[in-house]
Amino acid sequence: MTEPARGNPVALQARRIGGRLSWGLADQAMCSLTNFVLSGYIAHELGATQFGAFSLAYLTYGFANNASRGLSIEPLLVRFSGPELTRWRRATGGCTGTALLVGLATGALALVAGALIGGTTGLAFVALGLTLPGLLLQDSWRYCFFALGRGKQAFVNDTVWAIVQVPLLVGFKLTGHANVFWFIVAWGAGAYVGAILGMFQARVLPRLVGATRWVIAHRDLGPRYMLENAGSNVSNMVVNYSNSSILGLADVGDIQGANVLMGPFKIIIFGLGMITIPEAAGVLRRSPRRLPLFCLAISGGLALTALAWGAVLLVTLPLGVGHLVLGSIAGPAYPLVLPTVLAITGNCAGLGAGVGMHALGAARRSLRAAMWNAAIAVLAGVAGALVAGVLGTLYFTAAAAWLTTLMSWWYFRKAMRESSTVPVPRWMWPPRSGGHRSAEGTEGTEGTEGTAGTAGVQEQRVQTGTRAGR
């Protein structure tokens, strides 16, 4: 065989990876752009109070979406990525049926909450309740297409959503319906159109009657992933709900405004989430000793990029960019940019450790880290609000982010010690006496879990979807 012929498989694989990465970044950019336009438009047109109400509804959507992904989408990514078409369609019916069922259940709860809360926040929750089934079903189609290797279809679906949403937002404003209820309805209407389009693209109908069978069949995966996915969302919800009571909706809106400004950088995070876990698995197979350095490079690169984006914001916002994006909220949001950047930078510094744990298949370690991180974030955010108001909650949250980063790397170190493949490098704290432990020295089933190739690959596939959330 000639040298070019031997190189062809490598070149073909590189093109495939590049194609998946390109469509993943394009789809995430379109998805994030849709949400960014909605958030910026509400902030610009409706002011801090209604934007604060929207922020609470959006956080609730994030919680429902992560619950749906854990129960429906991630088992599909683990067990049905890239199979033959008939098997994928059969699995997709159960997956999307589960997502739709979760949307109906959480939507009903949001409607009840909106009726009980009343006022501006109540209107936001009523609108969310009406749109959650479409929002969760549309999101499930995105990942179903990526599981089959059809990222282009996911991109088309999200593009149609944006095309529907933007004219509706403008139309509601021009017809005198400029309030948080109708703007969320415009957002959800685009999702409903995308959800219906997904059925035609996949030639599959969601099976509500198969949702229970789907959850039972994948009960070994779904609950664990749901808990891990929901950890950060629960902490964000608790902190924001508490801040709305302690500080008021206007301050919550200002905090959300600072987060909106980080939106373009978050596209990079979510887009890279599509490839970091598989690449880490490749490093683990080729050269296990390089895995810690690879994870450190991920954390360092993202953290430096976050700081660079924060510097751009601090320089450009006073020049008029802030008012262009956020309107009247730009002034109050500007002092919040620095602590927000510090918090996101801290979170980025810990992402590499999470990648490493999932590459090793150390699911229990990663779940424990996620639960601890969520608990510390809640305590810091609420305590900061009580002690020093809106700046206090953000600076306390930033400090918590860096603390939880240290914890994540500590758990990653334990996962390496419990594996039989990756030695702990000397720069990750001094090793205990006896050096690197093999799998026989592990406690419980962690060592087995960390060295099981199939489990590791499954975890990797799951996380490509989890990190690409909205």
Side-chain angles (χ1 to χ4, degrees), residues 20 23-35 38 61-62 64-83 85-107 131-165 187-211 214-215 218 222 225-226 229 270-271 273-274 461-462 464-470:
R20 289 194 294 268
W23 284 118
L25 288 173
D27 177 68
Q28 187 56 51
M30 180 58 67
C31 179
S32 297
L33 178 64
T34 303
N35 296 335
L38 177 71
Y61 155 73
N65 199 30
N66 272 338
S68 172
R69 287 180 182 178
L71 291 175
S72 64
I73 295 168
E74 295 180 7
L76 178 84
L77 294 172
V78 168
R79 289 174 170 160
F80 300 96
S81 287
L85 188 59
T86 301
R87 186 166 176 259
W88 173 84
R89 283 178 174 163
R90 188 162 52 246
T92 296
C95 166
T96 54
T98 303
L100 180 57
L101 183 63
V102 174
L104 291 170
T106 54
T131 56
L132 265 176
L135 289 165
L136 300 191
L137 180 57
Q138 191 276 341
D139 186 70
S140 69
W141 286 123
R142 295 175 64 220
Y143 290 102
C144 288
F145 293 138
F146 274 109
L148 192 61
R150 296 182 177 178
K152 181 179 180 180
Q153 288 186 309
F155 175 75
V156 169
N157 197 289
D158 273 327
T159 302
V160 170
W161 179 359
I163 291 173
V164 173
Q165 173 186 299
W187 178 49
Y192 271 112
V193 173
I196 295 171
L197 175 62
M199 301 178 198
F200 289 96
Q201 289 176 297
R203 298 180 182 179
V204 175
L205 289 176
R207 294 200 306 270
L208 282 173
V209 293
W214 176 267
V215 173
H218 304 288
Y225 293 134
M226 182 179 67
N229 292 350
F270 297 145
M274 306 291 290
R461 289 176 180 169
V462 165
T464 61
T466 303
R467 304 301 179 195
R470 283 185 168 82

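Computed from heavy atoms alone, side chains included, the values below leave out hydrogens, waters and symmetry copies. For clarity, every value in this text was computed on a predicted model and none was experimentally measured.
Atom CG of residue Leu136 and atom OG1 of residue Thr96 lie 12.0 Å apart, to the nearest 0.5 angstrom. A distance of 10.5 Å separates CG in Asp158 from CD in Gln165, rounded to the nearest 0.5 Å. Phe145 contributes atom CZ, which lies 9.0 Å from atom OG of Ser140 (distance to the nearest 0.5 angstrom). If you take OG1 on Thr98 and CG on Leu71, they are separated by 7.5 Å, rounding to the nearest 0.5 Å. Put simply, CG on Leu100 and CG on Leu132 are 11.0 Å apart, with the number rounded to the nearest 0.5 Å.
With sequence neighbours left out, Tyr192 forms a ring pair (Phe, Tyr, Trp, His ring centres under 6.0 Å) with no residue at all. Taking Val193 as the reference, Val160, Val164 meet the side chain to side chain contact (heavy atoms under 4.5 Å, CB included) condition, with sequence neighbours excluded. Partners of Arg207 according to the side chain to side chain contact (heavy atoms under 4.5 Å, CB included) rule, which considers only residues two or more places apart in sequence or in another chain, are Arg90. For Trp141, there are no ring pair (Phe, Tyr, Trp, His ring centres under 6.0 Å) partners two or more places apart in sequence or in a different chain.
Residues Met30 and Ala162 come closest through the heavy atom pair SD-CB, 3.9 Å. The two atoms that bring Ala67 and Met226 nearest to each other are CA-CG, 3.7 Å, heavy atoms only. Annotation for Leu76 and Cys144: closest pair CD2-SG, 3.5 Å, computed over non-hydrogen atoms. Ala202 and Trp88 get closest at one heavy-atom pair: CB-CH2, 3.8 Å. Listed here is the closest heavy atom pair of Gly188 and Leu135: CA-CD2, 4.4 Å.
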Trace of the side chain to side chain contact (heavy atoms under 4.5 Å, CB included) decision for Val204 with Met199:
CA-CA 5 Å; Val204 175; Met199 301 178 198; over 6 Å; no

Could you give me the CA-CA distance, side-chain angles and deciding distance for Thr131 and Tyr61, then say whether side chain to side chain contact (heavy atoms under 4.5 Å, CB included) is met?
CA-CA 10 Å; Thr131 56; Tyr61 155 73; over 6 Å; no

From CA spacing to verdict: side chain to side chain contact (heavy atoms under 4.5 Å, CB included), Leu137, Ile196:
CA-CA 9 Å; Leu137 180 57; Ile196 295 171; over 6 Å; no

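For residues 145-155, there are no side chain to side chain donor-acceptor pair (under 3.5 Å) pairs, not counting sequence neighbours.
Asp139 has its side chain within reach of Ile73: a pair of non-hydrogen atoms, C-beta onward, lies under 4.5 Å apart. Tyr143 is not listed as a side-chain neighbour of Ser72, based on a closest heavy-atom distance of 4.5 Å or more. With contacts defined as side-chain heavy-atom distances shorter than 4.5 Å, the pair Val156/Gln201 qualifies.
Side chain of Trp161 to backbone of Ala189: no donor-acceptor contact under 3.5 angstrom is found. Using a distance-only test at 3.5 Å, with no hydrogens or angles considered, no donor-acceptor pair links the side chain of Ser68 to the main chain of Ala64.
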